[in-house]
Each structure stands twice: as C-alpha cells, then as structure tokens.
Protein chains: 2
Amino acid sequence: MSTSRRSFTREPPEQRKEALITATLTLMAEAGPAAATVRAIADKAGISQGMIRHYFSTKEELIVAAYEHHMQAMTEATAAQGSQTGTAADRLENFVIASLTPPVVDPSAMALWAGFIHMIRRDAAMRDTHRRTYYNFRDRLEALIGAALREAGQIAPPAKVRRHAIACNAVIDGLWLEGGALPDAFDEGELAEIGLTSIAAIIGLEFHKKERAL
Amino acid sequence: MSTSRRSFTREPPEQRKEALITATLTLMAEAGPAAATVRAIADKAGISQGMIRHYFSTKEELIVAAYEHHMQAMTEATAAQGSQTGTAADRLENFVIASLTPPVVDPSAMALWAGFIHMIRRDAAMRDTHRRTYYNFRDRLEALIGAALREAGQIAPPAKVRRHAIACNAVIDGLWLEGGALPDAFDEGELAEIGLTSIAAIIGLEFHKKERAL
DNA sequence: TCCGTAATTATGCAAGTGTATAATTACTAA
DNA sequence: TTAGTAATTATACACTTGCATAATTACGGA
C-alpha cells in the first residue's frame with residue numbers, strides 16, 4: 001500500500017491552466033504579488049505544485065498569463081454594457097460609464113493591475129500585453145469619438161481625434177485609478193459623472209441622456 | 001587581531017536612513033520590489049544589513065519610508081518650476097507642464113510608484129501616505145484652478161471647482177501614467193500639450209502662452 | 001589618556017522560495 | 001482485461017529571505 005496519495009482526476013489542460021490563473025489572481029489581489037508563491041497557488045487551485053511547471057514552463061510564464069487574463073477580463077467588462085446599440089454618442093457614453101463604475105472600478109482590480117504594471121519594464125511579454133491592451137482601449141475610444149463627432153456633423157481631422165482619444169483615455173484611466181485607490185473619496189456615480197462631463201468638454205460635445213439613477 | 005572587520009565611521013542617523021532609503025528606491029526602480037532585499041539594500045547603501053533593523057524596526061517600515069520619500073520627491077518636482085510667479089493661469093500652466101514632462105514623467109518613477117501603490121490596500125501607513133499625497137496634489141490644483149477662474153472674472157461655485165480639480169487631476173495622472181508606461185508612444189512635449197488643451201477645455205479657459213520649443 | 005556606550009559588523013537560524021526529479025495513479029486503446 | 005502512457009502527486013535540493021544575536025570598533029566625555 002505504501003503511502004496514501006490524494007486521489008485525483010485528469011482534467012483538460014485549459015481547465016487546469018484556468019484554475020492556476022484564477023488562483024494566482026485571487027492571491028495577488030488578496031495579499032499582494034509576494035503571496036502568489038507556487039505552493040499557495042497550487043493549494044488555492046486544489047492541485048499539487050508540480051502542475052505549475054507541467055502547464056507553464058516557469059512561474060514567470062504563469063504570471064504573464066495571469067496578467068493577460070486580468071486585462072482581458074477588464075476589457076470585456078468595458079465592452080459588455082451596450083456599446084453596440086444606439087447612437088455613437090450613446091455608445092460612447094455607455095463605454096465611459098462602464099469604465100468608471102464597478103466592477104471595473106474596484107480596489108482589488110486596481111491593486112492587481114499595479115502589481116503587474118511595474119513588471120512591464122523588465123519583461124518583454126508583459127510589455128507587449130500592456131501595449132496591446134492600451135491601444136485596444138484607446139482605439140475603441142477613438143472610433144467612438146470619431147463616430148460621435150461625425151454624427152453631430154462635425155469634421156474632425158484624424159490627428160485631432162487621436163489627441164482627443166489620448167486625452168479621454170487619460171481621464172478614464174486617472175479616474176479609474178483614483179476610484180480604486182481611494183474608494184471612499186468619491187460618491188457613487190461621481191466618477192462616471194465627472195468622466196462624462198470632462199470628455200464632453202474635451203471633444204466639444206454634449207451627452208443628452210437623462211440623469212442616471214444613483 | 002582575530003578576524004579583520006571592515007572599518008567604518010559613525011554617521012548621523014538621518015544620513016544612514018537616507019542612504020538606506022535611496023538604496024531601496026534605486027533597487028526597486030531598477031529591478032523591481034522583489035530585488036529590494038535587506039542584503040541588496042545594505043550592499044547598495046555600503047553598510048551592513050544589521051543597520052536596517054537598527055534604524056527601522058522592520059523592513060516594512062523602511063519600505064514605507066521609501067514610498068514617502070519617493071512621493072515627496074515627485075511632489076517637489078511638480079512644484080519646482082515657477083508655480084509661484086505670474087498670473088494664476090501661468091502658474092497653473094507651469095504646474096501642468098512640470099507634471100507631464102521629465103523627470104516627473106519617467107518609466108522608472110512610474111514603475112516605482114506602481115510597485116508601491118498595490119500595498120496601500122493592506123498597509124495603513126502606505127494608505128495614509130497615498131491619501132495625503134493625492135489630496136495635496138489635488139488641493140494645489142484646485143487652488144490654481146479657482147484662482148485662474150477668478151482671474152478671468154468667472155464665478156465658480158466651490159463644488160464645481162472641486163469637480164474640475166478631480167477631472168484635471170485624473171487627466172494629469174492618466175497622461176503621466178501612460179507616458180511612463182509607453183515612453184515611445186508619445187512625442188516630446190505631446191503629453192504636456194494634450195494635458196493643457198484638455199484642462200483648458202474642462203475648466204473653460206484658454207492658456208495664452210506661446211508655443212513652447214520642442 | 002582611557003573607559004563606557006552606542007553604532008556597526010558578522011554570523012547564525014528557521015522558514016520559505018522556485019525548480020528538478022522520482023514515484024504513483026488514472027485513463028485510453030487494443 | 002491489460003499494458004502503456006501521460007497526468008498528477010510527493011519529495012528533495014540548493015538557495016534566499018527577514019530577523020535575531022553576539023562580537024567588535026569608533027568616538028565622546030571624564
């Protein structure tokens with residue numbers, strides 16, 4: 001009989017990887033990057049630590065995958081709420097609101113992001129993910145701004161729309177950051193309201209939707 | 001004679017603390033938070049590791065002091081360039097420009113900041129420093145905005161000036177972040193230019209200074 | 001000049017780290 | 001039913017970590 005090992009079932013690679021990634025993100029969000037050790041990750045995922053090296057060639061690689069996962073989740077969260085229907089201005093408005101309210105604005109999500117972002121200077125894969133994520137967000141914003149301006153009958157040179165997108169992106173990022181870092185400093189809905197007002201001023205357009213319920 | 005120890009001189013506590021703090025910041029900026037071990041810090045500071053526990057009750061305490069130091073340096077850098085003389089609009093303009101050009105905008109400074117900021121959720125002292133730093137920056141911005149508006153003969157309700165300050169702060173933070181994270185994505189002076197244009201639009205004022213040299 | 005004190009160095013320690021490897025076990029296909 | 005194989009677990013290893021403590025040394029006041 002020898003020593004009794006814990007029983008296990010074989011699972012598809014994608015499921016195992018996802019479990020490891022989720023465990024990594026949970027640990028990092030709850031207790032910081034330092035808490036995401038191979039043993040803690042494996043424990044939280046309910047498997048043995050050998051699995052990390054089996055599915056990822058190194059812990060570093062798992063971290064990169066977790067970063068990618070987190071950023072994709074945030075991207076999807078901003079795209080979820082009806083950025084598809086309605087006028088361009090409406091879609092832009094929804095996009096901004098989604099970006100500046102929970103669950104996108106969230107202390108855990110912000111801390112997680114910060115725990116990753118300092119790595120982009122030293123890790124090429126992390127840098128690449130950051131670059132891709134940033135441009136993806138900004139390009140979507142730029143498309144919405146351009147469409148909203150055209151919709152309002154304004155001619156907008158591409159260079160100007162680009163600068164608008166950079167500026168609006170910065171407003172959103174800044175407010176998102178501050179909402180995550182000091183959650184008690186802002187009333188509910190305040191970040192979105194300030195974001196919309198600022199973006200309207202920057203691109204020279206007004207949003208027409210009625211006040212949202214608080 | 002026994003074993004030969006390295007010779008040393010006694011130095012004032014402030015000097016030792018500063019050496020340790022500087023070493024910590026350098027290591028964290030160059031190689032990330034994980035590289036700032038007690039041994040590496042002591043080596044870089046040119047003293048033995050026992051000094052860390054002698055001047056700080058724990059490594060954590062040194063990290064907090066280093067964070068405080070870094071944020072104060074950034075604060076001073078934004079205050080340096082003539083935010084004292086000239087019209088309020090000029091001072092606001094200088095403040096924004098200083099915040100959106102090197103050495104404030106800097107990949108190392110940004111990575112350093114990110115390496116710290118994820119700790120504010122778990123460490124009360126870090127959280128306190130962040131809160132203080134954030135409000136200090138925003139309050140200075142709010143004062144400048146209020147003065148600039150009054151100067152232009154506009155009446156501005158305090159609540160409105162507050163919202164303006166939150167928004168302008170977000171623009172600056174966002175641009176600062178993006179400039180540090182993707183230094184090649186923006187031309188020299190572009191961040192400051194976009195920042196000034198956006199802030200002018202948000203508070204409804206124009207900056208009159210001539211174009212700055214690139 | 002010399003002694004006491006505190007700063008400083010050196011060393012030790014228990015715990016934890018990522019990774020490598022060996023031992024087992026579940027599942028598949030014949 | 002039974003091999004074979006790949007997934008999974010368990011364990012070992014070399015190294016690093018933060019902290020504690022003992023041994024030394026510089027310096028100021030008598």
Side-chain angles (χ1 to χ4, degrees), chain A residues 1-24 27-28 30-67 115 119 122-123 125-126, chain B residues 1-24 27-28 30-67 115 119 122-123 125-126:
Chain A
M1 56 180 56
S2 74
T3 70
S4 71
R5 293 188 166 205
R6 47 202 270 227
S7 68
F8 62 88
T9 59
R10 298 185 170 188
E11 303 292 348
E14 284 316 309
Q15 186 173 324
R16 288 269 121 113
K17 287 185 189 173
E18 169 122 5
L20 288 170
I21 288 171
T22 302
T24 303
L27 282 166
M28 286 183 69
E30 283 175 355
T37 67
V38 290
R39 285 162 182 80
I41 292 168
D43 277 2
K44 178 140 297 207
I47 52 185
S48 80
Q49 64 169 297
M51 302 309 281
I52 291 177
R53 280 266 304 164
H54 193 255
Y55 287 110
F56 300 92
S57 67
T58 182
K59 184 197 167 187
E60 175 82 12
E61 199 174 284
L62 168 57
I63 299 293
V64 171
Y67 176 45
M119 305 175 185
R122 291 176 303 277
D123 187 304
M126 302 281 290
Chain B
M1 51 182 63
S2 71
T3 70
S4 71
R5 294 190 165 202
R6 46 201 272 226
S7 69
F8 61 90
T9 58
R10 298 186 171 188
E11 303 293 348
E14 284 315 309
Q15 185 172 323
R16 288 271 122 113
K17 288 184 188 175
E18 169 122 6
L20 288 170
I21 288 171
T22 302
T24 304
L27 282 166
M28 286 184 68
E30 284 175 353
T37 67
V38 289
R39 285 164 182 80
I41 292 169
D43 277 1
K44 179 140 294 204
I47 52 185
S48 78
Q49 64 168 298
M51 302 309 281
I52 290 177
R53 277 269 303 166
H54 193 255
Y55 287 111
F56 300 91
S57 67
T58 182
K59 184 198 167 187
E60 175 82 12
E61 200 174 283
L62 168 56
I63 299 292
V64 171
Y67 175 47
M119 304 176 186
R122 291 177 301 278
D123 188 304
M126 302 281 289

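Here is the naming used below: chain letters follow the sequence lines, and residue numbers restart at 1 for every chain. Bear in mind the structure is a predicted one, so any value in this text is a computation, not a measurement.
- Checked against side-chain contact (heavy atoms from CB on, under 4.5 Å), B:A19 has the following partners two or more places apart in sequence or in another chain: B:A45.
- For B:R39, there are no side chain to side chain donor-acceptor pair (under 3.5 Å) partners two or more places apart in sequence or in a different chain.
- Listed in residue order, the members of residues 7-15 of chain A having a heavy atom less than 4.0 Å from DNA chain C are A:S7, A:F8, A:T9, A:R10.
- Here the OG1-CZ distance, from B:T24 to B:F56, works out to 7.5 Å after rounding to the nearest 0.5 Å.
- Rounded to whole Å, atom C1' of C:dT9 lies 12 Å from atom NE2 of B:H54.
- Of the candidates D:dG18, C:dA23, D:dT25, D:dT25 carries the atom nearest the B:R5 side chain, counting heavy atoms from C-beta on.
- Listed by residue number, the members of residues 39-52 of chain A with any heavy atom below 4.0 angstrom from DNA chain D are A:R39, A:I47, A:S48, A:G50, A:M51.
- Remark: A:K59 in residues 59-67 of chain A come within less than 4.0 Å of DNA chain C through at least one heavy atom.
- When the P atom of C:dT8 is taken as reference, atom CG of B:L20 falls 10 Å away, rounded to whole Å.
- Remark: B:E14 engages B:K17 in a side-chain contact (heavy atoms from CB on, under 4.5 Å) (not counting sequence neighbours).
- In terms of the side-chain contact (heavy atoms from CB on, under 4.5 Å) criterion, residue partners of A:A42 (sequence neighbours excluded) are, by chain and number, A:Q49.
- Following rounding to the nearest Å, A:F56 (CZ) and D:dA7 (C1') show an atom-to-atom distance of 15 Å.
- Residues passing the side-chain contact (heavy atoms from CB on, under 4.5 Å) test with A:A34, sequence neighbours excluded: none.
- Partners of A:E18 under the salt bridge (charged side-chain N to carboxylate O under 4.0 Å, His left out) rule, at least two apart in sequence or in another chain, do not exist in this structure.
- Atom CD of residue A:E30 and atom CG of residue A:L27 lie 6.5 Å apart, to the nearest 0.5 angstrom.
- Taking atom OH of residue B:Y55 and atom C1' of nucleotide C:dA7, one finds them 6 Å apart after rounding to whole Å.
- Here the C1' atom of nucleotide D:dA20 and the CZ atom of B:R53 are 7 Å apart, to the nearest Å.
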Working for side-chain contact (heavy atoms from CB on, under 4.5 Å), residues A:I63 and A:M119: CA-CA 10 Å; A:I63 299 293; A:M119 305 175 185; 3.9 Å; yes
Stepwise side-chain contact (heavy atoms from CB on, under 4.5 Å) check, B:V38 with B:L62: CA-CA 10 Å; B:V38 289; B:L62 168 56; over 6 Å; no
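- A side chain to side chain donor-acceptor pair (under 3.5 Å) check over residues 53-63 of chain B, counting only residues at least two apart or in different chains, returns the pairs B:S57-B:E61.
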